[in-house]
Amino acid sequence: MVATGSGTKSGKAFYVTTPIYYVNDAPHLGHAYTTVAGDVLTRWHRQRGERVWFLTGTDEHGQKVLRTAESKGVSPQEWCDKLVEEAWKPLWQHLEIANDDFIRTTEKRHTDRVREFVQDLYDKGEIYKGGYEGPYCVGCEEYKLPGELLEGTGENAGKQLCPIHKRPVEILKEENYFFRLSEYADKLLAHYEANPGFIQPESARNEVLSFVRQGLQDLSISRSTFDWGVPVPWDDEHVIYVWVDALLNYATAVGYNQNQETFDASFPADVHLIGKDILRFHAVIWPALLMANGLPLPGRIVANGWLLVGGEKMSKSNLTGISPRQITSHFGVDAFRWYLLRAIAYGQDGSFSWEDLAARYTSELANDYGNLASRVAAMVGKYFDGVLPEASADGDAEQAVHEGLAKAVAEADRKIGDDVEFQAGLQAIFDFVKQVNGYISEQEPWKVAKDDSPEARARLATILYTAAESLRAVAVLLHPFMPASSQKLWESLGAEPALGPLADQRVQEAGEWGRLPAGSTVTKGAALFPRLEEQPGA
RNA sequence: GCCUGCAUAGCUCAGUCGGUGAGAGCGCCGCACUCAUAAUGCGGAGGUCCCAAGUUCGAGUCUUGGUGCAGGUACCA
């Protein structure tokens, strides 16, 4: 857990969540994608000086976990403990995820509050006991909708068949508790209407709109066929439906019904980051539950797309592809974090490939960015003995760089901090890197260095200061994405003695020209992103 | 089946209200340069804008049909 920004503002924290991941198996690329996005978003806001709360965690109840545990011959709690401690938490640590809390739905701080929340709804008349009767497939172990059934033929003539198992379904009846979701359709639509940015991206919003416009049915929120879950407070025969249990983590983790002060300081979330597979739960059921209990609604739900690996969809049921650690062991954690948000427009589906990562790494990280840092540090060392000189001869070329930086900072802050569009923000930052490379090539400091006249020395000093000061800003802007390499650059520029720790640098001030003082000690360290020659088979 | 969205250079994608010869990055080819991680800068080649018909003075951009792909069609999560 990492400390939040020091620039505490009065009022509510900027509260961001990832989904709590279902611990049926080890984390894969898709989980890492959403979690990295949340980490970058919150790190960005911390560097804006805001108080931030970043929550992630695990969803541990439900039939699937129970079954998996049984098949492994352990209790579900043991199974969850093992995965959380040996797979999930270590991966987030490895990826430098600076979450402020990690909630597990099996924790007492969660389960007690869930029971209270559901009891409240029950007391308010939002929950009623009802029966569900419908066609049930024994093979699938779930109810089917009448519309998806097939007409039987031959020996099954006249019967209806499960579309998957092609076996006759049985009509089963089960008693359940239902939440009056149907009464919230209009209220939800009104909220979507009044808050156009509530669901991002636009395509996700449209899907939710068309779904809710068709009308909503009440939601069964209890299960009685298995017991791995939170018992319904007034009826031990039932456990609370895992999704209701899971969604409530966003409230229970920040002190719902436990610590009003903490709760008010965080809740509701400003941004719920999710994968589009769980859009409906977050954009429909979750707000309805909050409305029913008189709680405020989140700022927005931002859904990311599918990650396609080798042309195949990456999902919880399809674990094909590459593990996060395989990638980081070759390219490093920074490059991994950067690539996910650089290569794919957040919200759209995107393909991940080893080849593309290798190509972008070489071109953008090694050649453009890393090499820029390298050439600048080398020249300050060679021509000024590693002491950053003063810029005393600014001209039009320098002015263009100053303006380019201001523009890059404004664009990046708007795209990343406000719009949750990482790709566009990174684009702005890397366009600036390209501009600085161009500036150096045009100014040809290595030629200016051959002239010993005072005028030439002043020009040379100005060129190198301009380049180094540009890098200072880049280190600040890239820190949320690539903490380790940015820190290396910060040290290489000798920025810390005068400016303080990198994590404390404000994005708002990153574009102010001249922050890195002349006299700073510039050292050329190891390459930020060494070229990777091999093409190891994935 | 029904609903929605997408199909633009080798690859990944941008193309606003329809209008001068269709764009970017990467890759490829050439030139310049040598401070730097054989890096950088400049230039070039490369496209029947999925197919067909239609509206229009004019369509990648609108309409209809077709083909292909993706997603949704609620309580596994």
Side-chain angles (χ1 to χ4, degrees), chain A residues 19-25 59-67 132 140-143 145 147-148 176 178-179 181 202-204 206-212 214-223 241-246 275-281 284-285 305-306 308 311 313 315-317 342-345 348-351 353 355-356 358-360 362-383 423-424 427 430-431 434 436-449 460 463-464 467 524 526-533:
Chain A
I20 49 172
Y21 303 109
Y22 204 59
V23 287
N24 207 31
D25 219 322
D59 181 10
E60 309 186 2
H61 290 128
Q63 197 162 21
K64 274 196 179 174
V65 167
L66 179 62
R67 279 196 198 141
Y132 186 80
C140 300
E141 297 191 55
E142 67 182 18
Y143 288 97
L145 290 170
E148 61 183 317
N176 273 325
F178 285 78
F179 167 58
L181 181 64
E202 194 71 21
S203 55
N206 290 338
E207 286 203 359
V208 171
L209 280 179
S210 64
F211 172 72
V212 177
Q214 293 166 21
L216 299 173
Q217 295 172 20
D218 287 346
L219 179 75
S220 74
I221 56 142
S222 74
R223 296 289 183 277
Y241 171 45
V242 68
W243 259 109
V244 172
D245 173 3
K276 69 180 181 183
D277 52 331
I278 55 175
L279 175 63
R280 187 165 302 166
F281 299 98
V284 179
I285 296 174
W306 297 118
L308 306 167
K313 185 169 77 180
S315 73
K316 289 171 188 173
S317 54
R342 170 67 185 88
I344 302 161
Q348 293 181 21
D349 291 353
S351 42
S353 79
E355 291 72 21
D356 187 50
R360 285 186 187 276
T362 301
S363 171
E364 298 185 39
L365 292 185
N367 294 353
D368 289 348
Y369 174 39
N371 182 56
L372 173 62
S374 178
R375 66 199 300 215
V376 171
M379 284 191 278
V380 175
K382 188 168 183 177
Y383 304 136
Q423 187 187 48
Q427 180 79 53
F430 277 78
D431 281 351
K434 228 172 159 40
V436 178
N437 266 326
Y439 164 80
I440 293 176
S441 295
E442 280 172 27
Q443 299 307 315
E444 300 179 306
W446 49 90
K447 282 188 182 170
V448 180
L460 180 60
I463 295 162
L464 294 184
K524 185 174 181 230
L528 252 34
F529 300 97
R531 288 177 69 83
L532 304 171
E533 303 296 350

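Each chain gets a letter, A, B and so on, in the order its sequence line appears, and its residues count up from 1.
Side-chain proximity of A:Gln348 to B:rA14, B:rA74, B:rU37: nearest is B:rA14. Of the candidate nucleotides B:rC75, B:rA36, B:rG71, B:rA36 has the atom nearest to the side chain of A:Ser374. Checking B:rC75, B:rA36, B:rC76 against the side-chain heavy atoms of A:Arg223 singles out B:rC75 as nearest. When the nucleotides B:rC75, B:rC33, B:rU37 are ranked by their closest atom to the side chain of A:Arg531, B:rU37 comes out on top. Of the candidate nucleotides B:rG41, B:rC26, B:rU37, B:rC26 has the atom nearest to the side chain of A:Ala359. For A:Asp368, whose side chain is taken as the heavy atoms from C-beta onward, the closest listed nucleotide among B:rC76, B:rU40, B:rA77 is B:rU40. Of the listed nucleotides (B:rA77, B:rG71, B:rC35), B:rA77 has the atom at the smallest distance from the side chain of A:Trp243. You'll find that the side chain of A:Arg280 is closest to B:rA74, out of B:rU37, B:rA74, B:rA70. Set against B:rC35, B:rU40, B:rG72, the side chain of A:Asn437 has B:rU40 as its closest nucleotide. Comparing B:rC75, B:rC35, B:rG72 against the side chain of A:Glu207 picks out B:rG72 as the nearest.
Across the P atoms, B:rC35 and B:rU16 are found 46 Å apart, a figure rounded to whole Å. Of the C1' atoms belonging to B:rA52 and B:rA59, the separation is 15 Å, rounded to the nearest Å. Taking atom P on both nucleotides, B:rA45 is separated from B:rG10 by 15 Å, rounded to a whole Å. Using C1' as the reference atom, B:rA74 and B:rC50 are 34 Å apart when rounded to the nearest Å. Using C1' as the reference atom, B:rG27 and B:rU63 are 39 Å apart when rounded to the nearest Å. Comparing the C1' positions of B:rA22 and B:rG58 gives a spacing of 15 Å, expressed to the nearest Å. The separation of B:rU8 from B:rG46, taken at their C1' atoms, amounts to 14 Å, rounded to a whole angstrom. As rounded to the nearest Å, B:rA9 and B:rG60 have C1' atoms that lie 14 Å from one another.
Ring pair A:Tyr369/A:Phe529 is tilted by interplanar angle, where 30° to 60° counts as tilted.
Atom pair A:Glu442:CD and B:rG41:P shows a separation of 10 Å (rounding to whole Å applied). The distance from atom NE2 of A:His61 to atom P of B:rC76 is 18 Å, rounded to the nearest whole Å. Atom CD1 of A:Ile344 and atom P of B:rU12 are 13 Å apart (whole Å). Residue A:Gln217 contributes atom CD, which lies 9 Å from atom P of B:rC75 at whole-angstrom precision. Taking atom CD on A:Gln423 and atom P on B:rC13, their separation rounds to 9 Å, with Å as the unit. Atom CD in A:Glu364 sits about 19 Å away from atom P in B:rC11, given to the nearest Å. One can place OH of A:Tyr241 at 8 Å from C1' of B:rC76, the figure rounded to the nearest angstrom. With rounding to whole Å, A:Gln427 atom CD is found 10 Å from B:rG25 atom P.
Among the protein residues, A:Ala527 comes within range of the nucleic acid bases, having at least one heavy atom under 4.0 Å from a base atom. When heavy atoms are screened at a 4.0 angstrom cut-off, A:Gly215 is found touching base atoms of the nucleic acid. Using a 4.0 Å heavy-atom distance criterion, A:Phe211 is classed as a base contact.
For A:Lys276 and A:Lys382, each mapped to the nucleotide of RNA chain B holding its nearest heavy atom, the one lying further toward the 5' end belongs to A:Lys382.
Residue A:Asn371 places a side-chain atom within donor-acceptor reach of the base of B:rA36, judged by atom type and a 3.5 Å distance cut-off alone. Taking only distance into account, the side chain of A:Ser441 never meets the base of B:rC33 through a donor-acceptor pair shorter than 3.5 Å.
Of the side-chain N and O atoms in A:Lys524, none sit less than 4.0 angstrom from OP1 or OP2 of B:rC35.
Paired runs in RNA chain B that reach 3 or more consecutive Watson-Crick or G-U pairs, where each pair keeps both distances under 3.5 Å, cover B:1-7 with B:67-73, B:10-13 with B:23-26, B:28-32 with B:40-44, B:50-54 with B:62-66.
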